[in-house]
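Throughout, protein chains are lettered first and strands after them, A, B, ... in sequence-line order, and every chain is numbered starting at 1. Being a predicted model, the structure only gives us computed values, none of them experimental. Both backbone and side-chain heavy atoms feed into the values below; hydrogens, waters and symmetry mates do not.
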Amino acid sequence: MSDLEYVLQQLINALSIGSLYALVAVGLSIIFSLLRLTNFAHGDMMMVGAFATLFAQLAGLGFLPAVGVGILVSALAGVIIERVAYRPVRGAPDVTMLLTSVALTYILENLGILLFSSSPRNFPLPDWMNHLYSFADGRITFNNINLLTLGVTLLALLFLNWFVRRTQVGLGMRAAAEDLTAAHLVGLDVNRVIVVAFVLASAFAGVAGVLWAAQAGVVEPQMGFTPLLKAFVAAIIGGFGSIPGAIVGGFVLGALEVLIQSLPGDWGLSPYRDALVFALLIAFLLFRPGGILGVRQEVKL
Amino acid sequence: MKYARLVVALALIGLLAGLGPHVLPEYWVRVLIVLGINIILVSSLGLSNGFTGVFSLGHPGFVALGAYVSGILTLELTKKGAYLPDLPGFLAGVQLPFLPATLIAGVFCALVAVVIGIPLMRLSGNYVSVATLGFLVIVNVVLVNAEQFTRGSRTFTGIPPYTDLGWVAGWAVVTLLVLSRVAYSPLGRAMRATRDDPIAAQAVGIHILPARLMAFALGAFFAGVGGALYGHYLVSFSPATFYVAMLVQQLTMLVLGGQASLTGAVVGVSAITLLSEVLRNLERGFSLGSLQVPAVFGASQIALGFIFILVMVYRPQGLLGDRELPLVTGGRVAKGAGPVYKDTVGGGRT
Amino acid sequence: MKALELQGLEVAYGAVRALKGVSLEVYPGEVVTLLGANGAGKSTTLRAISGLVRPRAGSISFMGEPLTRLSPVQIVRRGIAHCPEGRRVFAGLSVHENLLLGASGRRDRGIGEDIQRMFGLFPILLERRNQAAGTLSGGEQQMLALARALMSRPKLLLLDEPSLGLAPLVVRSIFGTLKALKAAGTTILLVEQNVNLALELADRAYVLRTGQVALEGQAKELQGDERVARAYLGGAA
């Protein structure tokens, strides 16, 4: 295998995984920028979206309509957790909000286990999703899932960019993220802005959940936890609370993970990938707390 | 009254260790053992999270290290050869009694805490939480991969069942005595000052880093000891034993009782332990008159999660806030600090 | 009819009682100033009026309608605009976007026109319309904060320390604008450290001390009244 082809193949892998991280991290950053809430339950919106898609298919819907249902259900779940759990603790110290989200993720994952059992379930996909493209005598391969992951992520991020820059509610989101008190004072309906933010973030997580399940081939109640942790890392190395930061962070993290696993000669690092990723997170917090994009943050004492 | 605490403590140990196993049914002995271990784990978590305001999510990482270290040190040599054939020489030939193994486990955790704490204790608020969560993940990954020491993700088994009510009661009392001694000393006051207002604390000459590091390391020491006790109670475990579920359980106990109160830690642990036992029995299914309630496994975790959220919403300071029994503080502390208030609409910093 | 009426207003932050029964009133078209030392409760009074903090006791009514149960958004929609201490412009957003946000509570079609009106009132803002608000000078930010508050077409304007941290020349220009607003009939409740400027502009004044009204009267009469100075120093009024 020639070097160029190897690099191209790894690039495809990196873009594919990186876009998933970006998609999840963006939602985390939106919520954090508004509420200073480190939302652990965000990963569970992936689980909700994937399971809803699964059951919509089992109920007889075609794949794409089922995905639509899945995204809607995850958005709705986001609205519900905001209303039921986060609004009552809004404005409380950061730790109180963080703990609330930890409790919420515990409830949601155990609810998932209760309803669907903890064992993974097959995630049915239409044949076209697995259609394989092969180049250079099979040395570069990717399938429609990879293409779709990248394409859908780009579309979602373009939509988000348009929404945040060009709509009334988007303007409100930016204002509330800058200064929540001032946003109240100018008469902005902050509750509405926050609900819309949860709809967007959770819908994005739902999309990511479906794509994640498609790549893994299975869904399970705890499927959101690992991507959530990775998305935290992505969001923080990009600059926590910044949308562009989350996107950059997502792709950088994807590239880094692929790099760790594809280093020539295998440095024996692959099994320690997740440990390295978190070591990187800690290094960023200590040495470049504003992330790659240098977002202004009060990270240290 | 000078020795009141010691007398109470000794009486408690004596009563539990001497009498407990003979008069109590085995089920209750087991409940009490788990309760005692959790008192050690949760009160030590409270020292950093509650008293010092370093909200760590990495505690189960230390518990895991404690359990594995003590497990490796006490494993019978023959079993060691069978289960951990690739252990390096200096460990392969070692078989320690319980107490030294437990102490080494605690010291090991405290050292790890110092090493990671020197950088991490500089972080504030949410960031120290996320970073310590990173530590938990790193410990988990390392335990899964360090197969020659831990058998990887497979069950680590064959550990001698040393833990009994006497050991647990003894260590729980030692933990509470040491922690109350520290928490209500000048050092403890420095810890609370760094929590309430880091800038003001620095202004009056308190060095934040040593105070936080001390709390973190001491908490880790007892987490390691508690982990060792837990390991010798379970007899077999895997890295998954010490992960998010354990973290959530410890946090629930801590916040229910009141984060900055040792009495609160004991109350929180007792309440949640009893509740878990009740719920665990309920979820097996029961009949109410003619109504048959079927078994719903997992419902008890969900109920715990809801309790957690209700506490956060309605009583974020926990049942006790920062109040203590006078026995704990030894009369060395004035009434608690003022409550944390929140703006009506949130996010206010005017 | 009174535009604004506070009766026995009490506000506490945890155990700290910031207001201990403040009563005051503002009539339509009037400029009333609220004076007092740091920590006397001036900003807290404004924060309570605009719904940022909930009073523990007492009542606030605006045009005869009680406000204490309303959210900040609802209060803005009733016609009260709060120009906060420290200006609090949205630093990363453009001048134009800041002005748009000032009209958040409005549903009508006149917003574009009003923005032009603000540019007429503060020409420098037109020059800077696409610049991020954070890059403006302190005085320009204060003008933007004022313009943003006016964008809601308020019936009552709450102003918190508009002169804070500004050069004397800039302060004079800001107060010139306030005078023009007064002449146009705007009702204003002004919190200000600069006693002389405030009393010059205002019709009436209240002096707060440790959460209570220590002194009230016509602005003209309080000018040069030594009791005002004494209230600042914490002595007996």
Side-chain angles (χ1 to χ4, degrees), chain A residues 29-30 32-36 82-83 87-93 96 161-197 239-246 290-291 293-298, chain C residues 13-14 43 46-54 70-94 96-107 111 132-134 141 144-155 157-160:
Chain A
S29 262
I30 291 176
F32 181 80
S33 70
L34 288 172
L35 298 176
R36 287 193 63 77
E82 191 278 326
R83 186 70 195 81
R87 198 173 297 181
V89 295
R90 199 190 289 165
T96 305
N161 183 55
W162 170 81
F163 185 86
V164 168
R165 293 194 177 285
R166 298 273 172 250
T167 66
Q168 274 278 319
V169 183
L171 178 61
M173 273 169 63
R174 282 184 289 145
E178 285 226 358
D179 189 336
L180 202 57
T181 302
H184 277 114
L185 285 181
V186 298
L188 192 68
D189 191 343
V190 172
N191 279 338
R192 178 154 153 264
V193 166
I194 290 173
V195 167
V196 171
F240 207 8
S242 140
I243 292 175
L293 298 191
V295 181
R296 193 165 40 84
Q297 290 285 1
E298 286 169 25
Chain C
Y13 298 111
S43 291
L46 296 195
R47 290 164 63 78
I49 296 169
S50 50
L52 284 183
V53 290
R54 289 259 171 271
L70 299 183
S71 70
V73 182
Q74 292 168 318
I75 290 171
V76 174
R77 292 199 179 149
R78 297 290 187 283
I80 297 181
H82 183 159
C83 186
E85 184 181 359
R87 307 183 272 276
R88 309 286 285 255
V89 295
F90 299 107
L93 274 50
S94 74
H96 184 248
E97 286 172 330
N98 268 277
L99 292 176
L100 270 179
L101 282 161
S104 293
R106 285 170 60 179
R107 292 272 171 274
I111 294 173
Q141 287 190 19
L144 178 57
L146 193 55
R148 186 182 67 181
L150 291 172
M151 279 302 295
S152 68
R153 289 198 173 162
K155 299 191 191 103
L157 187 58
L158 308 178
L159 284 173
D160 200 344

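Interatomic distance, A/D179 CG to C/R87 CZ, rounded to the nearest 0.5 Å: 13.0 Å. Here the CG-CG distance, from C/L101 to A/L171, works out to 4.0 Å after rounding to the nearest 0.5 Å. Between atom CG of residue A/L185 and atom OG of residue C/S104 there is a gap of 11.0 Å, rounded to the nearest 0.5 Å.
The contact between C/A91 and chain A is made by backbone and side chain atoms together, counting heavy-atom distances below 4.5 Å.
A salt bridge (charged side-chain N to carboxylate O under 4.0 Å, His left out) check over residues 186-196 of chain A, counting only residues at least two apart or in different chains, returns nothing.
What you find for C/R77 and A/G187 is that their closest heavy atoms are NH2-O, 4.4 Å. Minimum heavy-atom separation, C/V73 to A/V190: CG2-N, 4.4 Å.
Among C/G105, C/S152, C/G92, the residue making the largest number of heavy-atom pairs under 4.5 Å with chain A is C/G92.
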(message) Working note: C/L93 + A/E178, criterion side chain to side chain contact (heavy atoms under 4.5 Å, CB included); need CA distance, chi angles, decisive distance, verdict.
(response) CA-CA 9 Å; C/L93 274 50; A/E178 285 226 358; 3.7 Å; yes
